[in-house]
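These notes concern the structure reproduced below.
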Number of protein chains: 4
Amino acid sequence: MSDKKSKAIEAATKLFAELGFEKTSMTAICKEANVSKGLVYHHFKSKESILIEIFASSTKKMLELSLIQDSSLEPQEELNELINNIFHQLDNNKLFFQLNLNLMFQPSTNALLKEKILKRADILFNSVKRIFDKVELEKSEILAYTFIAEIDGIALNYLSVFENYPLAKMKEEMINKYSSITNKK
Amino acid sequence: MSDKKSKAIEAATKLFAELGFEKTSMTAICKEANVSKGLVYHHFKSKESILIEIFASSTKKMLELSLIQDSSLEPQEELNELINNIFHQLDNNKLFFQLNLNLMFQPSTNALLKEKILKRADILFNSVKRIFDKVELEKSEILAYTFIAEIDGIALNYLSVFENYPLAKMKEEMINKYSSITNKK
Amino acid sequence: MSDKKSKAIEAATKLFAELGFEKTSMTAICKEANVSKGLVYHHFKSKESILIEIFASSTKKMLELSLIQDSSLEPQEELNELINNIFHQLDNNKLFFQLNLNLMFQPSTNALLKEKILKRADILFNSVKRIFDKVELEKSEILAYTFIAEIDGIALNYLSVFENYPLAKMKEEMINKYSSITNKK
Amino acid sequence: MSDKKSKAIEAATKLFAELGFEKTSMTAICKEANVSKGLVYHHFKSKESILIEIFASSTKKMLELSLIQDSSLEPQEELNELINNIFHQLDNNKLFFQLNLNLMFQPSTNALLKEKILKRADILFNSVKRIFDKVELEKSEILAYTFIAEIDGIALNYLSVFENYPLAKMKEEMINKYSSITNKK
DNA sequence: GATGAATGAGATTTCATTCAT
DNA sequence: GATGAATGAAATCTCATTCAT
C-alpha cells in the first residue's frame, strides 16, 4: 500500500473515531493526512468505501485479539487470557473501541456495514461459545452471549458514560467470576 | 405545549432514533411533522436544542422506569421488578433505547450532552447501587456497575449487533442470576 | 401616540443606529421595546415604514437644530451659534448622527429615502447659504457647500474613522475660520 | 490568482458598492460572476472574508492614489497634485468611493474592518500631515484633519446627498484655498 | 389594541464528488 | 500517481410578514 494511501486511512480512522463518520469531512481527512482530494478519490471510490476498508482491517485486528490460538489450554485459562487481552486493549487503545462501538450504533453506518457486522459478531460469538462448550454444553450459548454483553457493556460505560470508571476493578471482577468455571463435561 | 411544537418533537425523536442525529435534516423533521421550518426555529433555537429537549424528556422517562418506588421490597424483588421493566421496554420500545444508546456513542452528540449524560448515569447508578447496598455493602459498587454493564451490553447486542438475539432467554438468565442474591447484612 | 408605539420607535431608532437598518430584525425591535410583533405591524405597515417615520422625525429635529431663528444676528454670530449647536449635538448625541449618516450611505436606505434626503439637504443648504448671502453674494453657494462638507466630513471622521479625534480643536478651528468673515455687502 | 476567483471579487466589489454589503447575497455574486457557490466558498471562508480581501486591495489602491512620491515638490504642488488625483478619481470612479464610504458607515462592516480602517486612516492622515509639516509645524495636525474632512465631506455630499453637486467648482475652490499656503518654516 | 404561533422565501454555508492538468 | 479548482445539491438558519384569537 502506497505511503499516501495509508496516511489517508490513518487520518480517516482517527477522525472517524474522534468526530464520528458523519461529522468527518473529506476535506478534514485530506488536511489531516496532508494529501490531496484527487488522490484520496484515486484510491477510494467514496467516503463510504474508506469506512468499509477501515472496518475490514479493524475486524482483522479484533479477531487476532480474540481468537485464542492455543486450544490445548484449559477453558479458564483461555477466558483468562481473553479477558486480559480485551482489557489491555480497552485501556491502551480507546479510539479503536470507540470507533467500533459507534459504527455499530450510528444507524447510517450500521446500515452500511450490516452484513460485515453480523459476520464479525458471528465469528466472535462462536469463538467465545467454543470455550464455554468445553464446560457447559447446554448453557454455552447463553453464557457466551452474557460474556459478550458484559464486555461490550463495560466498554460502553467506560468510554462513553461514566467518569472515573473503575476499569481495573471490573477486570478483576470478571477474572474472578470466570475463574470459577469448572469443566463439567 | 402547542400541538405543532409537540408534533415537531415527536417527529424529531422518531427520526433521530431511526436515522441518527446527523443524518436527520431539519427538512425531514418538518416534512414528517407537517410543519414549516420557520415554526421549528420559532420554538427551538437550533437543531441541537431539539436534541437537548428530547434528551431531557427521555431522561425523565428513563428515571421513571428505573426508580423502584416501593423501598419496602426485598432486594431480590426490587431487582426482579427492575429487570422486568427494562426488558419489557427493550422489547416494546426499541427506538427509545436505540436513540439513547446512539446519542451516547456518537462523538458529536455525546460531547453536546456530556454533562447531562453524566448526571443521568450518576442517578441511575446510585439507584441500582442502593439495592445492592442492602445485600453486600463492600461490593455493592462493583455489583452495580456490573449489573448496568450487563443491561447495556444486552441492549447493544440486541439492537445493533446480532440477528435473532435470544432476548427472552437473556432475561431469564438475568432473573435467575440475581434471584440468588441473599441479604447478607 | 400610544405608549407602546413610541417605545417601538425608540427601540428601532436605537438599533438602526447601533446595528444598521439591514442588521436590525423586527424580532430584535420587538424584544428591545418589549412589544409584540402583532402590535408593531398594527402601527406600522412594514419595517421600511418605521424607518421612514424615524427619518421624518429626525429631519424635524435636525432642522430645529440648524435653523437659526433670530435673523437679526450678524452672519458671524449666526455661524457661531450654528457651529456651537452642531458640535454640541455631535458630542452629546452620537447615535443621532451615526444613524443619519449611515442612512444616507447605505445604498438600500438611501434609495428608499432618496426624495426625503434631497428635500432635507435642500432646506439645510439654503439655510446655510442664506447666512453666506449676507456676506458674499457671488460665492455664497460654494461657501455653503464647503461649510456643509466640512461639518459632514468632521462628523464622518469623528464617528467612523479615527480614534481620539480632536473634536474640540476642530470646533475651535471652525469657529476661528468663520469668525473672520466680514460683511462685504 | 485564478480567473474565476478574480471574477468573483470583481462581481462582489461591484455589488457591494451598488447594493451594500448586507443586501448583496452570495447568490447574486455567483450569478454576476458566473461561478458556482461552492467555488466562492472554496476560495473564501465566508462572505465577510470577501469583504476583507476587497477592503485590503482597495486600501492598496487608495494609498497609491494618495501618496505623492516626489517629495522634492513644494507643499503647494504636492497638495495640488493630491487634490487633482482625488477629484479625478471621485469623478471617474464613483463606485470605488461609494464602497469605501459606506463600509465605514455601516455599523456591521465598520466593526468588521475596524482595525484595518484605523490603520489606513492613520497612514493617509500622516501622508497629508507630512505636507503641512513643511509649512506650519504647530498647526499641521489640525490642517491635515481639516483637509481630510473637506475631502470626505465633499465625497459624501457628492455621492449620497445632493443632486447636481458642483464638483468642478468645489475642486477649484479647494485648489485656490490650498494654493495660498506659503512655506513659513 | 395586543399577542405570538405560523409561514415561506431566501440567506449563508457545507460537502461529497468530478475533472482538467 | 497527484493536485486542487470547480460543481451542485442540500444543510442549517433568518426574517419580514400574516393571521387567528
Side-chain angles (χ1 to χ4, degrees), chain A residues 2-5 7-8 21-31 33-51, chain B residues 1-5 7-8 22-30 33-50, chain C residues 2-5 7-8 21-31 33-51, chain D residues 1-5 7-8 22-30 33-50:
Chain A
S2 82
D3 190 35
K4 297 219 172 176
K5 181 179 179 186
K7 264 193 180 165
F21 177 72
E22 312 289 352
K23 285 286 245 188
T24 299
S25 71
M26 280 289 168
T27 303
I29 294 172
C30 294
K31 203 174 291 175
N34 242 307
V35 146
S36 74
K37 264 181 210 180
L39 190 57
V40 172
Y41 276 93
H42 178 77
H43 286 300
F44 302 94
K45 180 176 140 288
S46 66
K47 189 181 160 190
E48 293 191 347
S49 79
I50 301 180
L51 180 66
Chain B
M1 184 153 54
S2 82
D3 191 35
K4 297 219 174 175
K5 183 181 177 185
K7 263 193 181 162
E22 313 289 354
K23 283 290 242 189
T24 299
S25 73
M26 282 288 160
T27 302
I29 294 172
C30 294
N34 238 304
V35 141
S36 73
K37 259 180 228 178
L39 183 62
V40 174
Y41 278 95
H42 177 71
H43 287 299
F44 302 94
K45 177 175 143 293
S46 66
K47 189 180 158 190
E48 293 192 346
S49 81
I50 303 180
Chain C
S2 82
D3 189 36
K4 298 218 171 175
K5 184 180 177 184
K7 264 194 179 163
F21 177 73
E22 313 289 354
K23 284 287 245 188
T24 299
S25 70
M26 280 289 167
T27 301
I29 295 172
C30 294
K31 205 176 288 177
N34 241 306
V35 146
S36 75
K37 263 183 208 178
L39 190 58
V40 171
Y41 275 92
H42 178 76
H43 286 300
F44 302 94
K45 181 175 140 290
S46 67
K47 189 180 160 190
E48 293 191 346
S49 80
I50 302 180
L51 180 66
Chain D
M1 186 154 52
S2 81
D3 190 34
K4 298 220 173 178
K5 182 180 177 184
K7 265 195 180 162
E22 313 288 354
K23 284 289 246 189
T24 300
S25 71
M26 282 289 159
T27 303
I29 294 173
C30 295
N34 239 306
V35 141
S36 71
K37 261 179 225 180
L39 182 63
V40 174
Y41 278 94
H42 177 72
H43 287 299
F44 303 94
K45 176 176 143 295
S46 64
K47 190 180 158 190
E48 292 192 347
S49 81
I50 302 179

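Chain letters run A, B, ... following the sequence lines, proteins first, then strands; residues in each count from 1.
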E:dG1 and F:dT21: how far apart are their P atoms, nearest whole angstrom? 22 Å
Do B:Lys23 and A:Phe21 meet the cation-pi criteria used here (NZ or CZ under 6.0 Å from the six-membered ring centre, within 45° of the axis)? no
When rounded to the nearest 0.5 Å, the distance separating NZ of A:Lys5 from CD1 of A:Ile50 is 10.0 Å
Whole Å only: how far is the CZ atom of A:Phe44 from the P atom of E:dT18? 15 Å
Under-4.0 Å side-chain N/O to phosphate OP1/OP2 contact, C:His42 with E:dG1: yes
How long is the line joining CD1 of D:Ile29 and C1' of E:dT13, in whole Å? 13 Å
If you round to the nearest 0.5 Å, how far is CE of C:Met26 from CD1 of C:Ile29? 5.0 Å
Taking NZ from D:Lys4 and P from E:dA20, how many angstroms apart are they, rounded to a whole number? 12 Å
Shortest non-hydrogen contact from C:Ser49 toward C:Ser46: OG-O, 2.9 Å
Would you write out the dot-bracket form of DNA chain F, 5' to 3', with Watson-Crick and G-U pairs under 3.5 Å, [ ] for crossing pairs, | for pairs to other strands and . for unpaired bases? .||||||||||||||||||||
Which pairs with one or both residues in residues 35-45 of chain D pass side chain to side chain donor-acceptor pair (under 3.5 Å), sequence neighbours excluded? D:Thr27-D:Lys37
CG/C:Asn34 to NZ/C:Lys4 distance, rounded to the nearest 0.5 angstrom? 8.0 Å
Give the minimum heavy-atom separation between B:Ala33 and B:Ala8, together with the two atoms involved. CB-CA, 3.8 Å
Which atoms of nucleotides 15-17 of chain E (N or O only) lie under 3.5 Å from a protein N or O atom, and what are those distances?
residue, atom, partner, partner atom, Å
E:dA16, OP1, A:Lys47, NZ, 3.0
E:dA16, OP2, A:Met26, N, 2.6
E:dT17, OP2, A:Tyr41, OH, 3.0
E:dT17, OP2, A:Lys47, N, 2.9
E:dT17, O4, A:Lys37, NZ, 3.3

Separation of F:dA2 C1' from A:Asn34 CG (nearest whole Å): 13 Å
